[in-house]
Amino acid sequence: MLLDFRSQSRCAKMPRVSLLEIPQAEKKSFQRRLLSWFSARKRDLPWRGTRDPYRIWLSEIMLQQTRVAAVISYYERFLEKFPTVEALARARTETVLARWAGLGYYSRARNLQRAAKEIVAHHGGKFPRGYEQALALPGIGRYTAAAVLSIAYGEPLAVLDGNVARVLARIGAVRGDLRASALWRGLEAGAQELVTRKSPGDWNQAMMELGATVCTPKSPRCEECPVSAWCRARKLGIAAEIPEARKKRATEKLTLAAAVLLDPQGRTFLLRHADGDGDLFSHLWQFPAMETSAQAGSELQNHLHNRFGVTVRGSTVSLKSARHAVTFRNIQVWPFLMRVAQLPDFRGAKTVPLKQIGGLPISNLTRKIAAAAIVHFKAEGGLTGTKTRTLENHNGAAAKA
DNA sequence: AATTCGGGGAA
DNA sequence: TTCCCAGAATT
């Protein structure tokens, strides 16, 4: 058996993951099998084939909790705009967020730029080689530090992400909640014992690739697995039961009414922060909105009048509702189109032509609301001659109605 | 140790 | 529909 995950008895409640009983010869053949599988079957991804630490780093940040397929176009478009760490460091945060818009977890983008500034200021513009120095940068945790240093610099540091954790847990037939910190630490130690000194970057990517394409969460393709001979879960017939299902927070329904204000010049009104709810889409522009129990346009009008001094003239048009799921919240938004003579001058707000908001840092929810308004105009023939590319972001991703 | 942050593709 | 993804920061 390659891996032995028995408790190591210092503390019965803190099971230790140990690889102590690995025969050296078996470990080597395990490594050879996986590396040669990776060499033959690895996907051709934009960040492979470079050793530029900036590019490796960028890819790793974008890939945090985000699938490869979703990242590729963002990665390419981001590098187009910010080809070097210096370019990123001197850019406006607004511009950086605009390129990130739609990818989610926006604090990643802000931390990325903060780290870029630090690297330029304190590391001579080069991603630091030391683990502790890397960890000290904003947005870099144990996973990302190990990933960048191993892939870019060949440092023998093992990564542990969701993929690797699943692979190791199945190989060792480890039950329990892998995310529990004690167990996660044990898996990190297990991963570190396996990492190859010669090509740690390839090794790490091979482990993750195996988890992403073969040792998948559901219906693992064990017959295609290059290391199935060492897999304890497969031997026990419990591969599908590992890892244990993660406990999830119950979803909450949230109903919002949002205002698409429109002045005679076709401009609309955006805010940095939602009125009702806190840090959702932090630092992104959004339409003024409020929580409602039902589809209530007049309630929204009152709110706008009290808060921004807006007086809507004429009727408000109820637009097609948009649904959006963010973490545990299930949001339904009722957008209302409201024409005003003049948009309010409000601190922290912005007025911009509705058809140009596609280029701003906005969430996909805001994009959907804008899409509903544009659809309305097209049906009405109100924006003759205007192209509706306005809803696409910089990555060509468009909101789906 | 528990929570929170986005969004979408696959099952 | 549900799940979970090349996680990190905050509390």
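Just so we're on the same page: letters track the sequence lines, and every chain starts at 1.
Nucleic acid contact class of Val326(A) (heavy atoms, under 4.0 Å, all strands): sugar-phosphate only. Within the 4.0 angstrom heavy-atom criterion, no nucleotide atom of any strand lies near Leu210(A). Thr144(A) comes within contact range of the sugar-phosphate backbone alone, with a heavy-atom separation under 4.0 Å but no base atom that close. Residue-level contact check: Ile61(A) touches neither bases nor backbone, having no heavy atom under 4.0 Å from any strand. Note on Gly211(A): nothing from the nucleic acid sits closer than 4.0 angstrom, heavy atoms only. Residue-level contact check: Ser363(A) touches the backbone only, with heavy atoms under 4.0 Å from sugar-phosphate atoms and none from bases. Across all strands, Trp47(A) comes closer than 4.0 Å to base atoms (heavy-atom distances). Contacts of Arg110(A) with the nucleic acid, taken as non-hydrogen atoms under 4.0 Å apart, are absent. Residue contacts for Arg221(A): at a heavy-atom cut-off of 4.0 Å it reaches no nucleic acid atom on any strand shown.
One interatomic measurement links the two molecules: CZ of Arg55(A) to C1' of dA6(C), which rounds to 19 Å at whole-angstrom precision. The nearest whole Å value for the distance from the CG atom in Asn111(A) to the C1' atom in dT4(B) is 14 Å. Rounded to whole angstrom, the span from the CZ atom of Arg246(A) across to the P atom of dT4(B) amounts to 14 Å. Rounded to a whole Å, the CZ atom of Arg249(A) is 9 Å from the C1' atom of dT4(B). For the pair Asn330(A) CG and dG8(B) C1', the computed distance is 14 Å after rounding to whole Å. Nucleotide dT2(C) holds its C1' atom 12 Å from the CZ atom of Arg67(A), rounded to whole Å. In this structure, Leu365(A) places its CG atom 14 Å from P of dC5(B), rounding to the nearest Å. Rounded to a whole Å, the CD atom of Glu60(A) is 13 Å from the C1' atom of dC5(C).
dG8(B) and dA9(C): their P atoms are spaced 24 Å apart (whole Å). Atom P of dA2(B) sits at a distance of 25 Å from the matching atom of dA6(C), rounded to the whole Å. Distance check on atom C1': dG9(B) versus dA8(C) gives 23 Å, rounded to whole Å.
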Exercise. Where do Glu26(A) and Trp230(A) land on the side-chain hydrogen bond (donor to acceptor under 3.5 Å, both in side chains) test, with the steps shown first?
Worked result: CA-CA 9 Å; Glu26(A) 280 203 46; Trp230(A) 290 276; 3.1 Å; yes
Exercise. What do the steps show when you test Trp37(A) against Glu224(A) for side-chain hydrogen bond (donor to acceptor under 3.5 Å, both in side chains), and what is the final call?
Worked result: CA-CA 10 Å; Trp37(A) 170 83; Glu224(A) 296 178 28; over 6 Å; no
Exercise. Should Thr213(A) and Arg41(A) be marked as a side-chain hydrogen bond (donor to acceptor under 3.5 Å, both in side chains) after you check the CA-CA gap, both sets of side-chain angles, and the distance that decides it?
Worked result: CA-CA 10 Å; Thr213(A) 65; Arg41(A) 310 293 291 272; over 6 Å; no
Problem set entry | Intermediate values then yes/no, side-chain hydrogen bond (donor to acceptor under 3.5 Å, both in side chains), Ser321(A) and Gln332(A) | CA-CA 7 Å; Ser321(A) 80; Gln332(A) 181 172 26; 3.2 Å; yes
For this session: Kindly indicate, with the supporting measurements, whether the criterion salt bridge (Lys or Arg N to Asp or Glu O under 4.0 Å) is fulfilled by Lys247(A) and Asp177(A).
Result: CA-CA 9 Å; Lys247(A) 43 207 171 261; Asp177(A) 179 6; 3.1 Å; yes
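Counting only heavy atoms from C-beta outward, the side chains of Tyr131(A) and Leu157(A) approach each other to under 4.5 Å.
Side chains of Ser363(A) and Gln286(A): no donor on one and acceptor on the other come within 3.5 Å.
Between the base of dG6(B) and the side chain of Tyr105(A) there is a donor-acceptor pair shorter than 3.5 Å. Below the 3.5 angstrom threshold, one finds a donor paired with an acceptor across the side chain of Thr66(A) and the base of dG6(B).
Side-chain nitrogen and oxygen atoms of Arg179(A) include at least one within less than 4.0 Å of the OP1 or OP2 phosphate oxygen of dC5(C). Residue Asn364(A) has a polar side-chain atom (N or O) positioned under 4.0 Å from OP1 or OP2 of dG8(B). Phosphate proximity of dG7(B) to His324(A): present, with a side-chain N or O under 4.0 Å from OP1 or OP2. Applying the 4.0 Å criterion to OP1 and OP2 of dC3(C), one finds that Lys218(A) has every side-chain N and O outside that range. At least one side-chain nitrogen or oxygen of Thr327(A) sits closer than 4.0 Å to the OP1 or OP2 atom of dC5(B). The side chain of Arg108(A) places no N or O atom within less than 4.0 Å of a non-bridging phosphate oxygen (OP1 or OP2) of dG6(B). An OP1 or OP2 oxygen of dG6(B) is reached within less than 4.0 angstrom by no side-chain nitrogen or oxygen of Arg329(A).
For Pro217(A), counting side-chain heavy atoms from C-beta on, the closest listed nucleotide (dG7(C), dG7(B), dC5(C)) is dC5(C). Of all nucleotides listed (dG6(B), dT2(C), dA6(C)), dT2(C) comes nearest to the side chain of Lys248(A). With dC5(C), dC3(C), dA6(C) as the candidates, the nucleotide lying closest to the side chain of Gln65(A) is dC5(C).
Not a single salt bridge (Lys or Arg N to Asp or Glu O under 4.0 Å) links Glu118(A) to another residue, sequence neighbours left out.
DNA chain B is contacted by both Ala180(A) and Ala70(A); Ala180(A) maps to the nucleotide lying nearer its 5′ end (nearest heavy atom per residue). Taking the nucleotide of DNA chain C with the nearest heavy atom to each of Leu135(A) and Gln205(A), the more 5' of the two is matched to Gln205(A). When each of Gly104(A) and Ala69(A) is assigned the nucleotide of DNA chain B with its nearest heavy atom, Gly104(A) is the one assigned upstream, toward the 5' end. When each of Tyr143(A) and Arg114(A) is assigned the nucleotide of DNA chain C with its nearest heavy atom, Tyr143(A) is the one assigned upstream, toward the 5' end.
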